[in-house]
Chemist: 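Okay, handing you the structure first.
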Amino acid sequence: MDGLLPDLELIRKDFPILQRTLAGGHPLVYLDSANTSQKPQVVIDTMVDHLERHNANVARAMHQLGAESSEAFEAARDKVASFIKAPSRDEVVFTKNASEALNLVANTLAWKGPLQVGEGDEVVITEMEHHSNIVPWQLLTERTGATLRWFGLTDDGHLDTSNIDDMITERTKVVSLTWVSNMLGTVNPVAEIARRAHEVGAIVVVDASQAAPQLPVDVVASGADLLAFTGHKVVGPTGIGVLWGKREVLDQLPPFLGGGEMIETVTMARSTYAGIPHKFEAGTPPIVEAVGLGAAVDYLSHLGMENVHAHEQAITAYALEGLATVPGLTVLGPLDATQRGGAVAFELEGVHPHDVAQVLDSRGIAVRAGHHCAKPAHARFGVQSSTRASSYLYTTPAEIDALVEGLEYARSYFKLA
Amino acid sequence: MDGLLPDLELIRKDFPILQRTLAGGHPLVYLDSANTSQKPQVVIDTMVDHLERHNANVARAMHQLGAESSEAFEAARDKVASFIKAPSRDEVVFTKNASEALNLVANTLAWKGPLQVGEGDEVVITEMEHHSNIVPWQLLTERTGATLRWFGLTDDGHLDTSNIDDMITERTKVVSLTWVSNMLGTVNPVAEIARRAHEVGAIVVVDASQAAPQLPVDVVASGADLLAFTGHKVVGPTGIGVLWGKREVLDQLPPFLGGGEMIETVTMARSTYAGIPHKFEAGTPPIVEAVGLGAAVDYLSHLGMENVHAHEQAITAYALEGLATVPGLTVLGPLDATQRGGAVAFELEGVHPHDVAQVLDSRGIAVRAGHHCAKPAHARFGVQSSTRASSYLYTTPAEIDALVEGLEYARSYFKLA
Amino acid sequence: MDLDALYQEIILDHYKNPHHAGLRDPFEAEVHHVNPTCGDEVTLRVHVSDGVVQDVSYDALGCSISQASASVMTDLVIGKPVAEAMGIHETFLALMQGRGQVEPDEEVLEDGIAFAGVARFPARVKCALLSWMAWKDATAQAVGDDITTKETSNG
Amino acid sequence: MDLDALYQEIILDHYKNPHHAGLRDPFEAEVHHVNPTCGDEVTLRVHVSDGVVQDVSYDALGCSISQASASVMTDLVIGKPVAEAMGIHETFLALMQGRGQVEPDEEVLEDGIAFAGVARFPARVKCALLSWMAWKDATAQAVGDDITTKETSNG
Ligand SMILES: Cc1ncc(COP(=O)(O)O)c(C=O)c1O
Ligand SMILES: Cc1ncc(COP(=O)(O)O)c(C=O)c1O
């Protein structure tokens with residue numbers, strides 16, 4: 001098959017969990033990577049080495065362990081900056097996950113500052129967002145009296161941008177959208193929408209949670225002013241996410257969480273704040289998690305994100321082909337693999353997604369069933385939940401075959417075939 | 001020496017980093033545990049096992065790995081609940097650190113709800129707080145027009161509660177204070193202050209960041225309505241903290257971060273929220289970190305927090321004795337070990353804290369120099385910074401001896417002796 | 001994982017042919033419960049009078065386990081005194097939360113014993129409990145109303 | 001770690017007897033810089049005229065390295081044309097950020113070469129740079145003012 005990562009079997013050996021067998025002796029077929037990715041040994045080992053040999057708090061500590069820990073932590077920031085081609089390492093803020101990164105922006109926009117959102121202002125999102133890029137904006141607009149608007153979706157699962165000039169107007173203060181949908185797989189024309197948003201002076205927030213694992217990311221080319229992603233989906237650990245922002249935008253946001261090293265000076269009466277990125281990193285940061293994330297993006301860069309992307313597209317195309325052979329199966333979202341990400345959600349007529357997932361699980365195949373934190377997108381397509389198979393750089397065509405066979409079996413188990 | 005943990009040498013073997021030698025072949029003497037604690041092998045191994053064998057997202061995943069991961073994550077909540085004697089596991093919210101836990105409270109109190117803080121209301125803190133328990137309240141009061149007040153300190157480093165009835169009045173909405181000071185070591189009469197606060201209907205927030213590592217914690221007996229601590233100081237990993245709150249108080253706080261699994265249902269127009277603890281856990285939680293924290297509190301419970309406390313007090317008494325022999329050395333804070341925690345900050349006349357720390361570091365002794373995120377407390381005592389030695393359950397009397405000798409050496413190096 | 005332990009014939013039968021489905025009048029309380037994790041939903045009504053569960057009607061969207069559970073639940077509680085029905089609820093809850101260690105009591109749970117296997121699938125326990133929780137909630141409301149009505153008529 | 005590599009005699013001498021300490025008039029700009037990590041502070045004034053650094057005066061609170069660095073810095077920049085002084089700043093910065101790999105140029109840095117060892121102690125680099133950064137900031141402001149003044153007088 002064209003486009004697959006060379007040495008795929010060797011790559012799989014990097015991921016200890018892929019050796020696991022599950023109940024009934026089935027080998028693990030992990031097709032839930034859009035939910036969270038598995039971790040290569042090098043990420044785990046790097047974290048262990050940090051905990052066993054270099055653990056200390058950062059920034060504050062002047063001793064040798066402190067210097068080692070700080071150096072490892074800040075080196076991770078450099079690695080992430082280069083992974084997303086950030087013009088400056090200071091523009092990389094470590095958060096706990098993508099959700100916190102998005103909330104950081106939405107939460108601080110409520111407060112006094114040049115970018116403050118208030119009554120009469122509009123925030124524009126889309127109907128295919130993850131809850132983490134919906135609820136923060138609902139909270140912001142409800143709390144400030146601003147208005148939340150959203151792009152709808154076309155029947156084939158694309159953003160409906162036909163009304164873009166009505167949607168993004170001089171009242172628009174923020175446009176926030178996902179780069180790649182975690183449910184439909186759709187890749188959105190982020191740069192194009194950003195262009196329009198910038199014409200009216202709005203800031204553009206990009207949720208790259210599904211993009212960063214799969215696509216080469218160039219934050220400047222993306223058109224984003226602010227961009228979020230999460231460590232655990234890029235073969236890194238949980239407990240860490242990234243908010244990248246243009247310096248001038250981050251500088252204009254008031255502080256989010258207060259305390260720890262986010263200060264310049266503190267008196268009881270008032271405080272002044274450190275510059276970016278520290279201004280947004282209150283308290284002890286996720287140190288060993290940043291170190292793990294650094295190893296993770298190094299691992300990805302070593303494979304080459306172009307190659308990871310090609311692999312993802314090859315596997316996704318193969319999966320779409322295979323799924324098309326299953327009677328009663330309908331894929332939600334675009335059917336052309338070259339225009340989508342690797343998360344494929346579908347319905348199987350006559351079998352509820354939970355039951356599909358359960359039958360697959362009995363064969364060692366891990367998929368996700370439910371609304372995938374995208375209830376509005378499900379509602380848009382008149383479904384309450386779906387089954388989602390999501391591949392990653394370690395996924396093999398044989399695993400897709402297992403999925404397709406498992407779906408056939410689910411149909412027969414529920415007496416549909 | 002009375003009070004030391006039995007089998008101290010065996011306990012030290014649990015902590016791989018304590019085997020390290022530093023530049024010049026010096027063994028590590030780690031006296032910076034109030035900054036962050038070291039991790040026992042069992043915490044590291046538990047995390048590795050999770051990452052290598054059980055890694056999956058929680059709550060959302062229906063497959064076997066998902067069930068295993070969710071079970072491990074929720075078991076960690078049970079362990080933490082029993083560690084702090086929480087009446088209900090649902091009252092334990094996982095955050096990224098203590099700072100986020102405190103900010104969660106201060107940030108949500110700004111928004112509409114039964115506990116909302118507004119103009120005319122007062123928030124009371126103390127002059128010995130960590131920045132993480134000052135800045136969030138400054139942000140809250142500045143943003144809402146409420147007034148921030150604080151208890152001062154006595155010359156011997158205790159809270160000055162002589163004016164408690166003027167300080168806590170019917171205008172007081174929140175009293176937030178540290179249980180144990182990270183700079184002065186002072187143990188505060190939290191329950192007594194909470195009693196007064198409750199008389200006037202204020203809620204009580206307790207920063208237990210330094211208490212949880214050292215004292216047996218009983219959240220109900222503490223008098224707190226909300227209580228925060230951080231994983232990395234209780235031999236757990238970074239990237240995780242805990243907010244405990246009484247159910248009725250947590251229920252009354254509006255949501256903090258939006259997204260992920262903190263919802264009940266989401267439509268584009270509006271959302272409803274899950275019950276506690278999930279309401280406050282937006283996005284993918286720090287899963288492997290929670291699992292590590294669970295192993296950490298198990299480790300501490302196995303040693304027995306009464307025993308850890310006795311050890312800390314014995315070592316602190318020994319340290320105070322030793323420090324008293326160093327000419328020109330002044331300890332900041334109470335001098336009676338039975339009334340304080342294990343963090344001992346001091347000044348050494350004629351040698352700046354950085355230089356003290358540097359000289360100690362050259363002998364493998366890790367202490368902290370600076371303001372320890374407690375600038376106002378330093379200002380109160382007319383010092384800009386101090387050196388802080390902080391012991392923990394793995395600290396030996398011999399390490400205290402090394403500290404005292406190191407300080408003598410610092411004096412001679414800077415030609416004071 | 002042994003699928004047949006989960007998907008007992010009884011469960012699949014109730015799933016294909018749910019009893020008492022649909023929303024009916026009269027009712028004293030209607031509730032809407034959601035399983036936030038997966039999005040399964042149930043709208044459920046109870047009609048209680050004279051301390052007896054006269055009817056339970058529902059509109060459920062969800063998997064085989066949640067649908068079958070709603071069906072079995074209505075069979076078990078309709079016609080029972082509220083107190084007895086609450087007892088059955090308790091018994092079912094204990095079975096579900098027993099991690100497969102609790103022996104089901106066929107006297108009390110009838111078709112409900114088919115759910116014993118579900119208790120070994122932690123991710124599915126919530127599915128089995130969705131309609132039961134909704135019923136308990138609705139009944140508490142209805143009985144509360146009942147009492148209020150009585151008190152008012154007494155007053 | 002070799003302490004003597006860090007605490008060169010020259011550094012300790014400047015620490016004990018800092019040059020140009022105290023705040024003086026006249027000045028065109030005054031800044032206050034803090035090292036947030038440790039709390040070291042410096043208040044620093046610059047007097048620039050005719051494109052020459054006429055005076056740098058300061059009040060510094062901090063460790064031996066930060067104090068000595070302020071003292072050495074004033075020795076190096078006072079009396080120099082602004083452009084040349086900025087060049088010295090660049091050279092010192094490069095030395096400090098060189099992780100001990102940069103060979104110091106005694107011609108340019110004079111006593112400043114004693115800080116070569118500091119570059120191998122990452123935690124102390126900020127101490128050595130505090131007053132230099134303050135000076136650069138203040139000078140930029142003063143020169144900005146200067147230019148503004150000139151422009152105004154031209155205008
Ligand atoms: C008393 C006190 N409160 C709060 C904190 C903040 O903890 P964290 O940095 O983990 O958020 C600390 C430690 O840094 C502390 O000592
Ligand atoms: C598109 C998208 N946005 C945001 C998130 C939230 O990421 P996290 O849960 O790590 O905060 C996810 C994944 O859960 C996602 O797929």
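Order of the sequence lines sets the chain letters (A, B, ...), proteins ahead of strands, with each chain counted from 1.
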Chemist: Taking only Lys NZ, Arg NE, NH1 and NH2, and the carboxylate oxygens of Asp or Glu, determine whether B/R20 and A/E68 approach each other closer than 4.0 Å.
Modeler: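 Salt bridge between B/R20 and A/E68, a charged N being under 4.0 Å from a carboxylate O: yes.
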Chemist: Report the C-alpha distance between A/I134 and B/V266 in whole Å, list the side-chain angles of each, state the deciding distance to 0.1 Å, and finish with yes or no for side chain to side chain contact (heavy atoms under 4.5 Å, CB included).
Modeler: CA-CA 8 Å; A/I134 298 176; B/V266 174; 4.2 Å; yes
Chemist: What part of B/A366 gets within 4.5 angstrom of chain A, counting heavy atoms only: side chain, backbone, both, or neither?
Modeler: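 B/A366 touches chain A through backbone and side-chain heavy atoms alike.
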Chemist: Identify which of B/M262, B/R380, B/E142, B/H54 forms the greatest number of heavy-atom pairs closer than 4.5 Å to chain A.
Modeler: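 Going by pairs under 4.5 Å, I would pick B/H54.
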Chemist: Side chain, backbone, both or neither: which part of B/S33 has a non-hydrogen atom closer than 4.5 Å to chain A?
Modeler: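 Neither part.
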Chemist: Is a side-chain N or O of B/S132 found less than 3.5 angstrom from the main chain of A/G260, in a donor-acceptor match?
Modeler: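 Yes, because the side chain of B/S132 sits within donor-acceptor range (under 3.5 Å) of the backbone of A/G260.
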Chemist: Assess the side chains of B/K375 and A/T267: does a donor N or O sit below 3.5 Å from an acceptor N or O?
Modeler: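 No, A/T267 and B/K375 have no side-chain donor paired with an acceptor closer than 3.5 Å.
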Chemist: Checking B/L51 against chain A: side chain, backbone, both or neither under 4.5 Å from a heavy atom?
Modeler: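 Backbone plus side chain of B/L51, per the 4.5 Å heavy-atom cut-off to chain A.
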Chemist: Of all heavy-atom pairs between B/G258 and A/P136, which one has the smallest distance, and what is that distance?
Modeler: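 That closest heavy-atom pairing would be O-CG, 3.5 Å.
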Chemist: Checking B/L28 against chain A: side chain, backbone, both or neither under 4.5 Å from a heavy atom?
Modeler: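 For B/L28, the side chain is the part near chain A, not the backbone.
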Chemist: Measure across A/A282 and B/N97 and return the closest heavy-atom pair with its distance rounded to 0.1 Å.
Modeler: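 Closest pair (atom of A/A282, atom of B/N97, distance): O-ND2, 3.4 Å.
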Chemist: Counting only heavy atoms closer than 4.5 Å, note whether B/N107 contacts chain A via side chain, backbone, both or neither.
Modeler: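 The side chain, not the backbone.
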Chemist: Using modelled atom types only, decide if a donor and an acceptor are shared between the side chain of B/Q64 and the backbone of A/L22 within a distance under 3.5 Å.
Modeler: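 Not confirmed, B/Q64 side chain does not pair with A/L22 backbone.
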Chemist: Which residue, A/N57, A/I287, A/V58, forms the side chain to side chain contact (heavy atoms under 4.5 Å, CB included) with B/T36?
Modeler: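 By the side chain to side chain contact (heavy atoms under 4.5 Å, CB included) criterion, B/T36 pairs with just one of A/N57, A/I287, A/V58: A/N57.
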Chemist: Counting only heavy atoms closer than 4.5 Å, note whether B/Q41 contacts chain A via side chain, backbone, both or neither.
Modeler: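 For B/Q41, the contact with chain A is made by the side chain alone.
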Chemist: Looking only at heavy atoms and a cut-off of under 4.5 Å, which of B/M47, B/E127, B/H354 has the most pairs with chain A?
Modeler: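 Maximum pair count with chain A is reached by B/H354.
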Chemist: Could you give me the CA-CA distance, side-chain angles and deciding distance for A/R368 and B/M62, then say whether side chain to side chain contact (heavy atoms under 4.5 Å, CB included) is met?
Modeler: CA-CA 7 Å; A/R368 187 169 173 188; B/M62 310 221 115; over 6 Å; no
Chemist: Name the option with the most non-hydrogen atom pairs under 4.5 Å to chain A; the candidates are B/G370, B/A374, B/A379, B/P255.
Modeler: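 Greatest number of close heavy-atom pairs with chain A: B/P255.
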Chemist: Rounded to the nearest 0.5 Å, how far apart are CG of B/L360 and NE2 of A/H63?
Modeler: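 If we round to the nearest 0.5 Å, B/L360:CG and A/H63:NE2 are 11.0 Å apart.
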Chemist: Give, as side chain, backbone, both or neither, the part of B/L139 having an atom under 4.5 angstrom from any heavy atom of chain A.
Modeler: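 Answer is side chain: those atoms of B/L139 sit under 4.5 Å from chain A.
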Chemist: If I compare all heavy atoms of B/S99 with all of A/G283, which pair ends up nearest, and what's the gap?
Modeler: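 That would be OG-CA, 3.1 Å.
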Chemist: Between A/P254 and B/R143, what is the shortest heavy-atom contact and its length?
Modeler: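 So the minimum-distance heavy-atom pair works out to CB-NH2, 3.9 Å.
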Chemist: Do you know the tightest heavy-atom contact between B/P376 and A/M268?
Modeler: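 Here B/P376 and A/M268 meet closest at CB-SD, 3.5 Å.
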Chemist: Please rank B/A290, B/A269, B/P237, B/G231 by heavy-atom pairs under 4.5 Å with chain A and give me the top one.
Modeler: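 Ranked by heavy-atom pairs under 4.5 Å with chain A, first place is B/A269.
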Chemist: Tell me, side chain or backbone of B/A110 under 4.5 Å from chain A's heavy atoms, or both, or neither?
Modeler: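 It is the side chain, since no backbone atom gets that close.
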Chemist: Name the region of B/L148, side chain, backbone, both or neither, that has any atom closer than 4.5 Å to a heavy atom of chain A.
Modeler: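 When you check distances to chain A, only side chain atoms of B/L148 fall under 4.5 Å.
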Chemist: Heavy-atom distance under 4.5 Å to chain A: side chain of B/S69, backbone, both or neither?
Modeler: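 No part of it gets close to chain A.
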Chemist: Does any backbone or side-chain atom of B/I240 lie under 4.5 Å from a heavy atom of chain A? Answer side chain, backbone, both or neither.
Modeler: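 Neither part.
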Chemist: Which heavy atom of B/S271 sits nearest to which heavy atom of A/V135, and what is that distance?
Modeler: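 Looks like OG-CG2, 4.0 Å.
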Chemist: Is it the side chain or the backbone of B/I263 that comes within 4.5 Å of chain A heavy atoms, both, or neither?
Modeler: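 Answer is side chain: those atoms of B/I263 sit under 4.5 Å from chain A.
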Chemist: Quick one: which of A/W111, A/W137, A/Y273 has the most heavy-atom pairs under 4.5 Å with chain B, could you say?
Modeler: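 Going by pairs under 4.5 Å, I would pick A/W111.
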Chemist: What part of B/E52 gets within 4.5 angstrom of chain A, counting heavy atoms only: side chain, backbone, both, or neither?
Modeler: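 Both backbone and side chain.
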Chemist: I would like to know whether B/N55 and A/K39 meet side chain to side chain contact (heavy atoms under 4.5 Å, CB included); could you show each step before the answer?
Modeler: CA-CA 8 Å; B/N55 176 64; A/K39 321 306 171 203; 3.6 Å; yes
Chemist: Less than 4.5 Å to any heavy atom of chain A: does that hold for the side chain of B/H372, its backbone, both, or neither?
Modeler: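 The answer is neither part of B/H372.
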Chemist: Below 30° counts as parallel, above 60° as perpendicular, anything between as tilted: where do the rings of A/F256 and B/F256 land?
Modeler: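 Plane angle under 30°, so parallel.
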